[in-house]
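Read the structure below first, then the notes.
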Amino acid sequence: MITFENVTVRFGDFTALPDLSLHVEEGEFFTLLGPSGCGKSTALRTLAGFNDPASGRLLVDGRDVTALPSDRRGIGMVFQNYALFPSMSVRENIAFGLKVAKRPKDEVHERVHEIAEQVALTPAQLDKGVAELSGGQQQRVAIARALVLRPRILLLDEPLSNLDAKLRNQLRVQLKELQQQFGITSIYVTHDQDEAMSMSDRIAVLDHGRIEQVGTPREVYERSATEFVCTFIGSVHRLGEQAVSRLSQLPGSPVAEGLRSYVRVERLTLRERHRPNDGRLVVDGVVDRADYHGYFTQYAVRLGDRSVSVRVPWSATESAFAAGDEVAIGVAPEDVLQYERSGPEAGA
Amino acid sequence: MITFENVTVRFGDFTALPDLSLHVEEGEFFTLLGPSGCGKSTALRTLAGFNDPASGRLLVDGRDVTALPSDRRGIGMVFQNYALFPSMSVRENIAFGLKVAKRPKDEVHERVHEIAEQVALTPAQLDKGVAELSGGQQQRVAIARALVLRPRILLLDEPLSNLDAKLRNQLRVQLKELQQQFGITSIYVTHDQDEAMSMSDRIAVLDHGRIEQVGTPREVYERSATEFVCTFIGSVHRLGEQAVSRLSQLPGSPVAEGLRSYVRVERLTLRERHRPNDGRLVVDGVVDRADYHGYFTQYAVRLGDRSVSVRVPWSATESAFAAGDEVAIGVAPEDVLQYERSGPEAGA
Amino acid sequence: ACTPPQSGSGDGDSETLTIYSNSVSDGRGEWLQEKAAEAGFTLQFVDLGGGDIQNRLLAEAANPIADVVFGLNNVYFEKLRAAEVLEAYSPSWSGEVDASLGDGEQFWPIVREPIMLITNDEVFPGGEGAPADWPELWTVPEFEGRYEVPTALGGATTQMVLSGILARFRDDAGEHGISADGWAQIGEFFAKGSPAVEGTDLFARMAEGEVDMGQMWLAGKFSREEEYGITTTAISPEIGVPYAVQHVAKVAGTKNAEAAEAFIDWFGGAELQAAWSNEFFTAPTNEVALQDADQDAVELTDSFTPQDIDWTFVAENLDGWIEKIELDVLG
Amino acid sequence: MAVITLAVTAWFSLAFLVLPNLQLLAEVFLADGGLSTRAWGRLLGSERAMSSLRNSVLLALTLSVTVNVVGVFVVLATRYFALRGRRILWLGYATSLIYGGIVMVAGYDFVYGSSGILTRLLTTVLPFVPEDWFVGYPAVVFVMTFASTGNHLLFLNASMARIDQQTVESARQMGASQWTVLRRVVLPTLLPTIFAVTVLTFLGGLGALAVPEVLGGRDFQTIAPMMLTFANTPSSRDLAAALAIILALFTIAMLLILNRLERGGTYFSVAKVSTQLTPQKIGNPVANAVMHVIAYALLVVYVLPPALIVLFSFTDARSISTGTLRADSFTLENYATALLEPTARWPFVVSISYSAVAALVVILGLLFVVRLVTRFPRSRMSTIVEYVLHIPWVMPGTMMVLGLLLLFSTPQGVVGGRVLSGTVGILAVAYVVGKIPFTFRLLKAAFLGINRNVEEAASLLGASQLYTFRRVILPLVLPTAAAITALNFNSMLDDYDTAVFLAHPFYQPLGIFIRNATSGETNADASALVFVYSVILMVIATITLWLIYGGGAARILRLLSPRRARRRSGDALPLDPADQA
Ligand SMILES: Nc1ncnc2c1ncn2[C@@H]1O[C@H](COP(=O)(O)OP(=O)(O)OP(=O)(O)O)[C@@H](O)[C@H]1O
Ligand SMILES: Nc1ncnc2c1ncn2[C@@H]1O[C@H](COP(=O)(O)OP(=O)(O)OP(=O)(O)O)[C@@H](O)[C@H]1O
Ligand SMILES: [Mg+2]
Ligand SMILES: [Mg+2]
């Protein structure tokens with residue numbers, strides 16, 4: 001449905017997107033993930049028609065829209081900086097698109113109230129000026145303004161970044177529902193892995209304007225195509241050469257020597273010393289610090305002169321450790337992710 | 001060190017903070033947590049001197065600063081809307097405070113570069129205009145601008161909301177380090193529970209401008225004082241009356257009947273049926289959907305006509321389920337959180 | 001109030017004559033309109049200063065809007081004629097005026113008025129001790145700084161005064177037809193005078209004692225004396241004073257040629273000129289009108305000798321004089 | 001829409017800006033079949049011309065500084081700082097907007113002139129002060145400075161309203177003093193507007209006519225009167241044109257410098273949602289007191305002259321010229337003459353209609369053009385359009401007008417083969433042309449203050465360019481647009497220079513009427529009438545300003561269309577400090 005065909009975008013001499021190609025299917029929930037400044041917003045804005053590509057084409061439904069003005073692309077967008085109309089009330093902001101489309105008054109009124117309720121804005125807030133709202137409320141106005149039009153294509157640039165976990169979950173579910181109900185093709189920018197993982201059909205991981213990997217959440221997480229993807233998504237621990245060599249010698253181990261090797265921190269096991277090792281590589285260490293995170297605890301464990309962080313989920317059967325406890329860290333060979341020494345140095 | 005004494009803040013007839021009292025210790029990392037629009041920013045802005053309290057006093061170091069102009073309160077702040085100076089370059093934005101303080105040129109230059117590096121801004125970006133930065137880059141400029149002054153008191157209003165997980169973690173660690181190194185007393189606003197949990201010495205949970213609970217992360221999470229706190233922080237599952245009654249009958253159970261009862265979703269266990277129950281209440285169900293989240297999987301389990309979501313951390317020893325699998329959910333009586341029917345209806 | 005008060009039915013209305021004039025202010029326009037209506041003319045005035053009328057007529061040459069122009073002095077009419085803006089017409093009363101005052105072909109005289117040097121009677125009681133002619137202003141030391149000199153050179157009166165002075169130094173070999181001495185003299189004139197103050201009348205300054213004398217035209221002298229409560233005397237030099245003679249002419253290319261001609265015949269005729277004189281204290285050039293004209297006005301006008309000035313020469317050179325004065329003399 | 005705008009702009013510029021001037025320049029410079037260079041030699045050889053030119057440039061440069069200093073202060077006192085009685089201050093300072101020219105000089109003369117109030121005071125206390133102390137360069141600068149701050153009051157106020165309050169807060173809170181915040185954060189964001197008003201001031205200085213003429217004395221005469229004389233003398237027009245070209249060079253230099261400084265800057269708030277600036281309390285009590293004292297001292301400076309004008313408009317010519325009042329000085333005769341004259345009403349109708357039409361046309365047209373130019377700031381088209389639209393600023397008014405008249409008195413293909421001179425329309429065209437540069441410059445400044453994202457958002461919501469413009473952009477530039485319209489309207493009411501050549505005989509505007517009633521060549525001395533007409537014009541100007549700033553228009557609109565009744569903080573014109581009270 002949406003295709004970026006060798007799109008290049010420049011700002012002066014700075015190339016924000018060098019040669020981006022991407023295809024998004026009809027009805028898909030597609031996520032752009034990547035470090036701050038990698039060009040996610042630029043990609044969305046280019047699709048919406050606000051940045052002129054220096055070269056390349058944009059296709060929507062097979063039609064070349066590269067030269068089409070943005071109001072005729074039929075795209076809805078939630079802007080990263082909200083871009084609310086400062087001179088209008090919240091209600092006027094949300095109703096704007098409907099009024100443009102000359103919907104009857106009653107319908108406008110009804111739909112505005114409906115969407116406002118969905119994003120948890122009260123009727124009293126509807127009549128405030130946008131500058132009188134809290135940051136999160138402003139963000140919700142931006143979401144409501146885009147959703148109320150039920151566009152066929154929806155671009156969302158970090159739409160939930162200023163919301164609390166509860167509301168965030170609620171809106172995630174609603175966004176996803178709306179998206180499925182109306183078959184809206186969505187491109188979503190988020191820095192929140194969880195969000196990306198749980199909502200997306202596919203994820204594209206970007207770095208410096210280049211695509212590192214496109215795949216389902218599971219593919220991207222478990223079979224990260226590049227070292228960058230592996231280290232960017234989730235927390236990983238980089239294994240030392242010695243550990244890799246020992247892992248490769250375990251029976252039936254797929255681990256090869258001489259490659260950069262990582263293991264996701266939650267796959268590390270933390271046990272009392274001297275428990276059976278289940279075919280893992282086991283290394284002894286001492287707990288340095290335990291950070292309580294609610295449903296998991298993050299331990300900093302000292303192994304000689306290095307410190308490794310291990311994330312241990314809450315579990316009724318395993319006991320908790322405190323600073324100073326002597327522990328053993330275990331790594332299973334099948335959990336090791338390995339990469340050629342291609343990219344620049346990337347630590348864990 | 002910082003005291004809010006019965007502070008009331010109004011906007012017109014709307015009371016954003018009714019009678020807020022709060023005490024933050026020297027060197028403490030204190031977090032304000034609460035739903036969007038509950039008054040977190042208002043509280044910070046009042047402390048910084050940008051909102052005049054209708055009544056009440058603000059004390060810093062025992063000194064009444066309520067009437068002091070904001071530039072004489074010695075407080076640093078990262079604004080939720082960034083409040084960058086549009087007419088200045090990134091460098092000038094960051095150097096602003098130092099120049100105002102008439103620091104020598106060399107020092108300014110050095111400190112700007114140092115802090116820029118810490119927030120991962122490149123020298124090339126330093127010379128851009130702030131409008132040419134990505135959202136996350138702008139946020140980092142806002143952070144750098146406040147940190148470079150090493151204020152004794154630092155107010156941070158959702159300083160990391162637009163950053164990707166990796167950078168976020170990195171900056172969290174740096175913030176925390178700086179805070180400890182210089183003994184900066186910090187008040188932090190975030191909507192991210194994880195962040196609140198891992199960074200804070202204490203957390204205040206706000207709702208509608210009122211404090212619901214103040215305590216350490218563990219207290220707030222495990223011994224949530226009110227139903228609001230319990231349901232706002234983390235994900236909980238509300239237990240039906242029948243389940244509560246059965247739980248109360250288990251041997252040595254602290255569960256009482258007739259109260260609203262919750263259990264945190266990650267404390268729910270998901271097992272194959274017919275395994276031993278370890279003194280838990282066990283309910284049979286069928287897996288509806290499994291959402292992959294990387295280091296944990298969220299299952300929607302159907303129990304008769306209700307659906308319960310259960311978060312199962314990745315674990316080598318437990319097997320994964322798929323939609324249609326028959327499972328048993330277990331609840332331990334000591335994991336049940338109970339509240340009087342005081343507040344308004346609050347679902348899980 | 002959404003239609004012009006005097007218009008008939010708008011553009012190109014054959015009934016309405018458009019008349020450019022600099023002498024219809026002070027109620028003269030209304031009076032004339034009334035009289036004209038009785039005579040069957042509908043008039044619409046464009047009331048502007050002499051220079052402005054000239055410029056406007058020149059610019060509109062290709063598509064004239066005016067039908068008739070009157071009230072300007074010889075210099076302007078000479079220039080209009082040179083630019084072929086006017087059309088020859090011999091009015092019915094052409095025999096009743098001294099045709100040599102005009103060009104005897106295109107523009108015809110109606111009213112004449114002396115341009116004078118006046119002195120404050122309080123300083124020079126009865127003209128005692130006053131200068132006898134313009135050159136004394138800058139040659140007699142006592143008068144230095146006591147006479148007003150113009151600063152803006154666009155006004156008709158100013159131009160007459162300058163012409164009156166410069167014409168005495170005609171030298172066809174000199175710059176702009178004026179001898180070097182003439183330029184030196186005019187330089188002295190400006191250097192030793194007290195520059196006029198924009199927005200402050202000569203009489204106001206005389207009343208304040210800032211200056212004692214300056215240029216004025218006949219009718220202006222009388223109305224101002226009353227207003228400021230001072231009396232003045234006009235100098236009557238032997239060489240004479242410049243007369244501003246007002247003329248009337250038909251504009252070339254007018255769409256209402258016939259009506260325009262009829263108007264000119266009526267306007268310059270003895271009857272109307274006499275009435276005009278009685279109403280506005282002027283001296284008509286129409287000899288037939290003289291008998292019924294305001295005798296005081298005629299007498300006063302005749303009490304001065306007309307200075308003998310070659311107006312064609314002046315018209316040819318005046319712009320150059322003004323330019324030179326602006327650039328090299330003032331300062 | 002861009003295409004239409006561009007096409008219309010191109011046609012209009014060609015027809016009414018470029019061709020008429022080319023025609024005139026050709027006429028004056030190509031006198032005898034060849035290019036005439038006579039003018040340059042004449043000018044360079046004239047000591048007076050050169051010194052006048054020097055004086056004009058000196059005045060323009062001086063004013064660019066002094067007017068900005070006073071103007072910025074005035075804006076701070078009425079909009080930025082929370083001073084007591086800001087509304088009164090604003091009204092007082094705004095008096096400079098409702099009168100000007102020779103009458104304004106007279107007003108100052110009543111205070112500082114040889115028989116002025118202050119002079120009498122001074123000469124009594126300090127006998128050695130000469131009566132005519134108020135003359136020359138300092139006096140001219142003084143009067144013109146206070147006369148020219150109106151633009152600051154309107155336009156700087158409007159841009160100030162768009163500054164994000166939180167940037168001020170954050171700067172304060174990083175330890176910046178109020179002064180530093182102002183200098184480093186607030187003023188830089190206002191630069192486009194400051195530049196725009198600086199250009200206006202600079203041009204005002206270059207073209208200064210009445211004030212130096214009266215107050216300059218022998219040593220400080222400027223070039224404008226000379227240019228006026230030359231422009232009105234057919235054979236000397238090449239001199240006027242040559243002078244115009246010299247002034248144009250200065251103006252272009254100024255524009256180039258300012259455009260360069262302006263380009264590449266960011267002047268819109270980059271905040272997610274910016275909060276409106278509220279007046280700042282001055283923390284330091286001494287500074288606060290000083291600020292109040294200066295503000296009110298300035299109020300007196302501003303208000304005395306117009307107050308005296310109103311007072312003296314009820315007296316006879318003699319009292320006016322001598323600046324003295326006696327019990328029997330007062331008379332209503334002047335008002336009677338001015339108001340009861342039977343034909344007096346029509347010119348008012350004509351002038352108000354012309355001014356309203358031209359003010360609206362120019363603002364509406366330029367809103368589109370400026371939007372185009374600011375959308376594509378780096379395109380060559382924008383640069384060309386921008387410079388072409390500045391032509392009327394560099395050509396002397398009379399020359400512009402003559403060019404129009406000359407060109408359009410023969411059928412011109414560019415206007416469909418029609419003859420325009422003699423029609424009612426040509427005066428309106430000239431008015432529009434004359435107001436283009438001023439309008440363009442200030443509108444551009446306003447547009448630079450809008451964050452592009454907002455516009456983008458609207459277009460994604462399906463709004464056409466036009467709709468976006470109307471509902472999103474317009475409310476944001478409305479304060480400035482309204483201010484421009486008001487000023488344009490007021491300034492055209494008493495226009496003489498344009499009307500004198502172009503007015504249709506049946507539709508002659510007020511300026512001609514007033515000039516006829518009051519010119520020095522009428523028989524009666526009409527200086528008293530000048531005052532009366534000025535006061536009447538002041539009343540009209542005040543009504544215009546009230547309509548726009550005092551909420552008058554809003555009130556009327558509300559009566560006309562209840563749907564628009566609700567005024568949000570954003571649409572309210574934030575210029576009137578009362579809005580923030
Ligand atoms: N200037 C104002 N005028 C009127 N109401 C305001 C103003 N500023 C804030 N409010 C209201 O006060 C309440 C608290 O706002 P505040 O900005 O403190 O919320 P917050 O807790 O920071 O929320 P968020 O997490 O969304 O940023 C909100 O309901 C908001 O609408
Ligand atoms: N108008 C501009 N002029 C110059 N450079 C720009 C401009 N807009 C963006 N950039 C640069 O282009 C790069 C990509 O920006 P973009 O906004 O697409 O990043 P992003 O991936 O959305 O980041 P974030 O997650 O921080 O919002 C950044 O390095 C940014 O500095
Ligand atoms: Mg972005
Ligand atoms: Mg907030």
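We name chains A, B, ... by the order of the sequence lines, and we start the count at 1 in each one.
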Could you grab the distance from atom CG of B:Asp192 to atom CG of A:Asn162, nearest 0.5 Å is fine?
11.5 Å
Between A:Gln137 and chain B, with a heavy-atom cut-off of 4.5 Å, which part of the residue counts as in contact: side chain, backbone, both or neither?
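Its backbone and side chain both get close to chain B.
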For A:Ser134, is it the side chain, the backbone, both, or neither that has a heavy atom closer than 4.5 Å to a heavy atom of chain B?
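Only the side chain of A:Ser134 comes within 4.5 Å of chain B.
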Could you walk me through whether B:Glu132 and A:Phe14 satisfy the side-chain contact (heavy atoms from CB on, under 4.5 Å) test, starting with their C-alpha distance in whole Å, then the side-chain angles of each, then the deciding distance to 0.1 Å, before giving a yes or no?
CA-CA 11 Å; B:Glu132 295 172 18; A:Phe14 176 77; over 6 Å; no
If I measure from the heavy atoms of chain A, does [X] come under 4.5 Å with its side chain, its backbone, both, or neither?
X	value
B:Asn81	neither
B:Ser41	neither
B:Gln80	side chain
B:Leu163	both
B:Arg218	both
B:Phe11	neither

Under 6.0 Å from the CZ atom of A:Arg10, do we count more than 12 heavy atoms belonging to anything else shown?
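Atom CZ in A:Arg10 is not packed in, count stays at 12 or less.
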Other residues, nucleotides, ligands: >12 heavy atoms within 6.0 Å of A:Gln180 CD
yes
Donor-acceptor contact present, side-chain B:His191 to main-chain A:Lys166, <3.5 Å
no
Criterion side-chain hydrogen bond (donor to acceptor under 3.5 Å, both in side chains) against A:Ser36, the qualifying member of B:Arg168, B:Gln138, B:Arg140:
B:Arg140
Which one of A:Ser235, A:Gly136, A:Ala196 has the most heavy-atom pairs closer than 4.5 Å to chain B?
A:Gly136
